[in-house]
Novice: 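Handing you this structure, nothing more for now.
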Amino acid sequence: MKELALSNLPNSLSERADRYLDEDSSWSYLTGRLLLKKAFYINGFSPSLLEKINYSEYGKPSLAGHNFSISHSNGYVVLAYSTKISVGIDIEKKKNIELKLFKYLFTDSEWDSIIKAENSLEKFYWFWVRKEALLKAAGCSLKDLKQLEVLEHHGIFKGRRYHFESFDFDSDFNGVVAMEEKVHFDVAFMDLKDLLEV
C-alpha cells in the first residue's frame, strides 16, 4: 500500500517521505501531502502544485494563492485549506503529562486558567491546540508562543485577531482551526483509498 501511495506523489516528495526514520512519521508526511493533492484537485488546481511549495525560515510550507496547514497525531492526519484566508490547524491526543514542564509555553493568564480549571489536563489541551493552530495561521515560530494570546473564541498575535473553530472527530482528541476571518468550513473524513483516486 505504501508503494502505491508513494507513486501518487512527485519523486521529490516520495524521497522526502522515505527519509523519515520511523514509519509513523513517514506515513503522516505522506498522508498530509496526499490530502493537499486532493484539495488542489477538488478546487480545480493541478496536483503538480505540490512541487512548488516553499518553506519559510520557520519551516511553514507555503504556496502563493493557497493557504494550508497540516497536523497529525496518533494515526490521524488533518488538513485545513483555503484560497482566501490564512488558516492553521492542530490536533492532539489527550495524554497524561507532567503539566508543570509546559508552563513556560503559556502566558501568566493562560497558565492561571489551566491550573485553576476543574480538569487542568483538559484545559491544557484546550489551550495547546489553539496556540498551535494560531502559530500556524500567523506563520510564526515556537519561540513566539508566549506572544500568542488565546481567548475564548479568538486569538491575537501582534494585534491581529484570528478566530477559532473546534471540530470533533474522536473523543480522545482535541482539534481546532484558526483563521483570519470567521468563515464556515466543511469537515470531510477520508480513507487512504480516497486520496489515491486523483
Side-chain angles (χ1 to χ4, degrees), residues 13 16-17 19-22 24-33 35-36 53-64 66-82 85-115 117 120-167 169-170 172-181:
L13 276 71
R16 188 167 177 168
R19 283 200 298 261
Y20 284 92
L21 296 178
D22 67 283
D24 287 345
S25 296
S26 178
W27 268 110
S28 294
Y29 174 83
L30 179 59
T31 306
R33 288 338 183 244
L35 278 167
L36 187 54
I53 295 171
N54 298 306
Y55 292 86
S56 74
E57 61 181 298
Y58 306 123
K60 178 179 168 61
S62 65
L63 181 63
H66 302 268
N67 302 285
F68 61 92
S69 176
I70 298 169
S71 180
H72 54 86
S73 179
N74 291 76
Y76 285 106
V77 181
V78 292
L79 166 78
Y81 174 83
S82 173
I85 60 170
S86 183
V87 293
I89 194 168
D90 192 53
I91 58 169
E92 292 290 339
K93 184 171 184 179
K94 293 175 266 191
K95 305 172 186 172
N96 284 321
I97 55 170
E98 183 101 26
L99 284 177
K100 66 183 180 185
L101 298 177
F102 298 91
K103 179 180 178 182
Y104 74 100
L105 298 169
F106 298 90
T107 65
D108 290 341
S109 63
E110 289 166 351
W111 189 250
D112 196 49
S113 292
I114 290 169
I115 60 171
S120 292
L121 187 65
E122 187 71 39
K123 196 65 172 178
F124 166 85
Y125 280 109
W126 185 93
F127 272 106
W128 183 249
V129 293
R130 282 159 178 76
K131 285 184 92 73
E132 280 277 342
L134 178 54
L135 179 147
K136 294 173 183 179
C140 55
S141 71
L142 282 170
K143 69 181 177 59
D144 296 311
L145 270 179
K146 286 189 104 167
Q147 294 181 53
L148 303 172
E149 186 179 6
V150 173
L151 303 166
E152 186 67 25
H153 298 292
H154 68 276
I156 299 171
F157 178 66
K158 294 187 174 178
R160 188 167 199 163
R161 179 184 287 232
Y162 294 82
H163 300 274
F164 294 129
E165 196 71 45
S166 60
F167 59 96
F169 62 100
D170 185 313
D172 290 334
F173 288 75
N174 280 13
V176 73
V177 175
M179 52 196 134
E180 277 183 308
E181 298 172 24

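All of these numbers come straight from a predicted model, not from anything done at the bench.
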Novice: Could you check whether atom CG of D108 has more than 12 heavy atoms from other residues, nucleotides or ligands sitting under 6.0 Å from it?
Specialist: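 No, the 6.0 Å shell around CG holds no more than 12 heavy atoms from other groups.
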Novice: Just verifying a value: how many Å separate K94 NZ and E122 CD, rounded to the nearest 0.5 Å?
Specialist: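 Rounded to the nearest 0.5 Å, the NZ-CD separation comes to 4.0 Å.
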Novice: If I compare all heavy atoms of R160 with all of Y162, which pair ends up nearest, and what's the gap?
Specialist: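 That closest heavy-atom pairing would be CD-OH, 3.4 Å.
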Novice: A137 and A178: which non-hydrogen atoms are nearest, and at how many Å?
Specialist: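 Closest heavy-atom pair between A137 and A178: CB-O, 3.9 Å.
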Novice: For the atom pair CG (L30) and CZ (R16), what is the distance rounded to the nearest 0.5 Å?
Specialist: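 It comes to 12.5 Å.
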Novice: Can you sort out the partners of S26 under side chain to side chain donor-acceptor pair (under 3.5 Å), two or more places apart, ordered by chain and number?
Specialist: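 Partners of S26 under the side chain to side chain donor-acceptor pair (under 3.5 Å) test: K2.
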Novice: Under the criterion side-chain contact (heavy atoms from CB on, under 4.5 Å), I'd like the reasoning laid out for L135 against D144: C-alpha separation, chi angles, the key distance, then a yes or no.
Specialist: CA-CA 8 Å; L135 179 147; D144 296 311; 6.0 Å; no
Novice: Is the closest side-chain heavy-atom distance between L35 and I70 below 4.5 Å?
Specialist: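 The answer is no, as the side chains (C-beta and beyond) never meet within the 4.5 Å cut-off.
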Novice: Looking at Y20 and W27, would you say the former's side chain and the latter's main chain have a donor-acceptor pair under 3.5 Å?
Specialist: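 Not confirmed, Y20 side chain does not pair with W27 backbone.
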Novice: Measure from NZ or CZ of K123 to the centre of the six-membered ring of W126 and say whether it is under 6.0 Å with the direction within 45° of the ring axis.
Specialist: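 Cation-pi check for K123 and W126: passes.
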Novice: Which heavy atom of I156 sits nearest a heavy atom of L134, and at what distance?
Specialist: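 Heavy-atom minimum between the residues: N-CD2, 3.9 Å.
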Novice: How far does CZ of F173 sit from NZ of K95, to the nearest 0.5 angstrom?
Specialist: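 F173 atom CZ to K95 atom NZ measures 8.0 Å (nearest 0.5 Å).
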Novice: Roughly how far, to the nearest 0.5 Å, is CZ of F127 from CD of E110?
Specialist: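 Rounded to the nearest 0.5 Å, the CD-CZ separation comes to 5.5 Å.
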Novice: Can you name the residues that form a side chain to side chain contact (heavy atoms under 4.5 Å, CB included) with S71, not counting sequence neighbours?
Specialist: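 With sequence neighbours excluded, S71 shows a side chain to side chain contact (heavy atoms under 4.5 Å, CB included) to V78, I89, D90, I91, K136, given in chain and number order.
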Novice: For residues L148 and T107, report the shortest heavy-atom separation together with the two atoms involved.
Specialist: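 Where L148 meets T107 most closely, the heavy atoms are O-CG2, 4.2 Å.
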Novice: Do any N or O atoms from the side chain of D22 and from the backbone of S25 form a donor-acceptor pair under 3.5 angstrom?
Specialist: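 Judged by distance alone, yes, a pair lies under 3.5 Å.
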Novice: Could you list the donor-acceptor pairs under 3.5 angstrom formed by side chains in residues 98-105, with sequence neighbours left out?
Specialist:
none

Novice: Write down the atom of V87, the atom of N67, and the distance for their closest heavy-atom approach.
Specialist: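 Minimum heavy-atom contact is CG2-O, 3.7 Å.
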Novice: Could you check V150 against F164 for side-chain contact (heavy atoms from CB on, under 4.5 Å), going step by step and ending with a plain yes or no?
Specialist: CA-CA 9 Å; V150 173; F164 294 129; 4.0 Å; yes
Novice: Is the backbone of I114 close enough, under 3.5 Å, to the side chain of S120 for a donor and an acceptor to pair up by distance?
Specialist: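 Answer holds: yes.
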Novice: Report the distance from atom CG of D24 to atom NE2 of H72, rounding to the nearest 0.5 Å.
Specialist: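 It is 10.0 Å, given to the nearest 0.5 Å.
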Novice: If I compare all heavy atoms of F157 with all of C140, which pair ends up nearest, and what's the gap?
Specialist: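 Heavy atoms only, the tightest pair is CZ-CB, 3.8 Å.
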Novice: Do D172 and N74 touch side chain to side chain, with heavy atoms closer than 4.5 Å?
Specialist: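 Not touching, per the 4.5 Å side-chain cut-off.
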Novice: Is the side chain of E180 donor-acceptor paired with the backbone N or O of S86 at a distance under 3.5 Å, no angle test?
Specialist: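 Pair found, side chain donor or acceptor close to backbone of S86.
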Novice: Give the C-alpha distance, both sets of side-chain angles, the deciding distance and a yes or no for side-chain contact (heavy atoms from CB on, under 4.5 Å) between Y29 and L13.
Specialist: CA-CA 9 Å; Y29 174 83; L13 276 71; 3.6 Å; yes
Novice: Atom CD of E132 and atom CG of L145: how far apart are they, to the nearest 0.5 Å?
Specialist: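 Separation between the atoms: 6.5 Å.
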